[in-house]
Participant: 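Right, I'll just put the structure down here and ask away after.
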Amino acid sequence: MFRDEAFDAIHPLDAADHAADLTMDEETFRAFYERTATGVWAYLVRITGNRQAADDLLQETFYRFLRAGATHESEAHRRNSLYRIATNLARDAHRRNIVRPSLALGNSDMDRIAAGDETAGTETSADVNRALSRLKPRERAMLWLAYAEGASHPEIAHALGLNPASMKMLLFRARRKLASLLRGEK
Amino acid sequence: MMTYQECAFEDEVLAAALQSRWPERVPAELRKHVEACAICRDLAEVAGAVNAAREEMNAAIVVPDAGRIWWMTQLRVRREAIRTAGRPITAVHVVALGCAAGLAGACFGASSAWFQSALRWVSAFSLSTLWNSVGGTLVPSARTLVIEHGAMAGMIAMLLLVLPAAVYLAIGRD
């Protein structure tokens with residue numbers, strides 16, 4: 001089933017990436033970083049609601065990832081680990097009050113995220129940003145991983161430390177909520 | 001209470017939305033189904049909107065250079081390794097210092113007549129007073145043993161308590 005597949009199906013990798021040795025030397029790391037850094041940064045902005053915090057957490061995420069020195073059985077597995085580290089760091093920063101999320105409705109930071117500081121972004125992306133900012137951080141993280149990163153249910157569960165069996169239900173609820181917000185029903 | 005519902009077309013709709021094929025480049029039957037199915041409508045709307053927001057966002061994201069991250073990580077890993085390697089050395093230093101202090105104390109105790117007489121006086125006075133008041137029922141040999149070696153046992157016990165604490169503090173400070 002599509003939802004149980006790894007998200008490589010949506011963001012396919014080059015054959016060379018698949019063949020690459022899965023232990024990390026500098027070259028492998030550079031290639032992996034180029035493929036994943038923007039996605040992780042976008043994810044961190046979504047869950048923290050703070051660009052500065054996302055910058056710091058991105059560096060810390062890759063540092064922890066490299067320091068762990070784990071070998072991964074596949075590219076998807078490696079990417080899952082990275083998102084899990086990012087989630088834990090963001091959660092930890094939020095708990096310790098390092099990140100002050102500005103997640104209120106109409107938050108200008110969120111609005112600027114869509115297309116950078118120079119432009120205002122499209123109306124649609126501003127609507128999505130506003131709607132997303134009204135969800136709980138966990139709901140935002142779930143929806144972002146599922147529909148921006150194309151992650152499967154087990155991958156989302158792994159990244160967020162949730163029970164895979166309850167993922168379908170949780171994602172269904174979050175999706176319903178966001179759909180209502182996008183239609184202006186709430 | 002929101003009950004979970006599934007639709008057989010979900011995967012197809014999601015694939016179309018994530019591959020930016022929705023709604024123009026999908027079969028007409030699928031479009032017709034989505035119009036009638038609330039689950040697929042929500043899915044198409046949400047997946048399409050989030051994916052579009054991501055694509056727009058990607059164009060503006062500037063992340064640090066991979067080389068810089070690699071270099072900083074290597075530096076931090078090295079610093080941490082040096083610190084970790086230094087911990088046992090610090091512990092050995094503390095233990096050695098404790099041993100040296102103990103040895104110096106023992107030499108002083110053995111060679112100083114003043115210290116020995118003071119120690120005898122303290123042991124005889126404090127412990128015999130204590131045992132005379134509360135230790136009347138104790139076996140006499142045990143009583144003698146405690147009176148004769150009580151001060152030494154006290155010092156050893158103190159050393160055993162203080163030394164691990166000192167080691168812990170030394171390592172903890174690192």
Side-chain angles (χ1 to χ4, degrees), chain A residues 1-3 7 9-11 26 29-34 37-42 45-46 55 58-59 62-67 69 112-119 121-122 124-129 131-132 143-144 146-150 168-169 172-180 182-183, chain B residues 1-22 34 37-81 83-84:
Chain A
M1 205 168 143
F2 183 79
R3 285 292 70 203
F7 51 127
I10 291 94
H11 300 291
E26 185 175 355
F29 172 76
R30 276 173 183 267
F32 179 64
Y33 182 86
E34 299 298 341
T38 51
V40 175
W41 188 87
V45 170
R46 286 294 160 189
D55 286 341
L58 178 77
Q59 297 194 24
F62 279 97
Y63 164 68
R64 301 260 177 123
F65 175 80
L66 278 173
R67 194 187 59 176
R112 283 200 309 273
I113 287 161
D117 291 335
E118 296 77 17
T119 61
T122 63
T124 314
S125 65
D127 287 347
V128 176
N129 291 335
L132 278 170
L143 291 168
W144 193 260
Y147 306 129
E149 294 300 322
K168 276 186 184 180
M169 183 63 196
F172 171 76
R173 283 184 186 158
R175 196 170 67 212
R176 265 269 162 100
K177 211 166 156 183
L178 183 60
S180 302
L182 286 172
R183 289 184 204 120
Chain B
M1 181 75 187
M2 205 184 289
T3 50
Y4 175 64
Q5 293 164 304
E6 263 184 303
C7 173
F9 290 94
E10 269 182 67
D11 292 345
E12 222 174 311
V13 173
L14 181 59
L18 295 186
Q19 290 159 7
S20 307
R21 288 189 285 113
W22 178 264
V34 171
C37 172
I39 299 164
C40 289
R41 206 169 45 241
D42 280 356
L43 181 61
E45 197 172 338
V46 167
V50 171
N51 197 40
R54 201 242 189 201
E55 275 174 16
E56 226 176 290
M57 196 174 171
N58 271 2
I61 295 175
V62 182
V63 292
D65 176 60
R68 191 178 144 227
I69 298 284
W70 174 264
W71 179 79
M72 279 171 66
T73 299
Q74 296 307 313
L75 206 69
R76 276 181 73 179
V77 168
R78 239 171 267 164
R79 261 189 222 145
E80 228 170 68
R83 227 183 357 243
T84 310

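Note on naming: letters A, B, ... go to the chains in the order of the sequence lines (proteins, then strands), and numbering restarts at 1 for each one. These numbers come from a predicted model, not from an experiment.
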Participant: Which class fits the ring pair B:Trp70 and A:Phe29: parallel under 30°, tilted 30 to 60°, perpendicular over 60°?
Facilitator: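 It falls in the tilted class, 30° to 60°.
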Participant: Salt bridge or not for A:Arg175 and B:Glu45, using N-O below 4.0 Å?
Facilitator: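 Salt bridge flag = no for B:Glu45 with A:Arg175.
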Participant: Is B:Ala59 in contact with chain A via its backbone, its side chain, both, or neither, using a 4.5 Å heavy-atom distance?
Facilitator: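 Neither part.
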Participant: Counting C-beta onward and ignoring hydrogens, is there a side-chain heavy-atom pair between B:Asn51 and A:Tyr147 closer than 4.5 Å?
Facilitator: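 No, too far: nothing below the 4.5 Å cut-off.
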Participant: Let's test your reading of the structure: which of B:Glu80, B:Met72, B:Glu12, B:Glu55 forms the most heavy-atom pairs below 4.5 Å with chain A?
Facilitator: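 If we count pairs closer than 4.5 Å to chain A, B:Glu80 comes out on top.
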Participant: Can you tell me which portion of A:Glu34 sits under 4.5 Å from chain B's heavy atoms? Options are side chain, backbone, both or neither.
Facilitator: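 Contact with chain B involves the side chain of A:Glu34 alone.
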Participant: Can you find a heavy atom in the side chain of B:Arg76 that is under 4.5 Å from one in the side chain of A:Gln59?
Facilitator: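 No - every pair of side-chain heavy atoms lies 4.5 Å or more apart.
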Participant: Please identify, among B:Val62, B:Val77, B:Leu43, the residue contributing the most non-hydrogen atom pairs under 4.5 Å to chain A.
Facilitator: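 Answer, by heavy-atom pair count under 4.5 Å with chain A: B:Leu43.
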Participant: Less than 4.5 Å to any heavy atom of chain B: does that hold for the side chain of A:Leu178, its backbone, both, or neither?
Facilitator: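 A:Leu178 touches chain B through backbone and side-chain heavy atoms alike.
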Participant: Between atom OH of A:Tyr33 and atom OG1 of A:Thr38, what is the distance when rounded to the nearest 0.5 Å?
Facilitator: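 Going from the OH atom of A:Tyr33 to the OG1 atom of A:Thr38 covers 9.0 Å.
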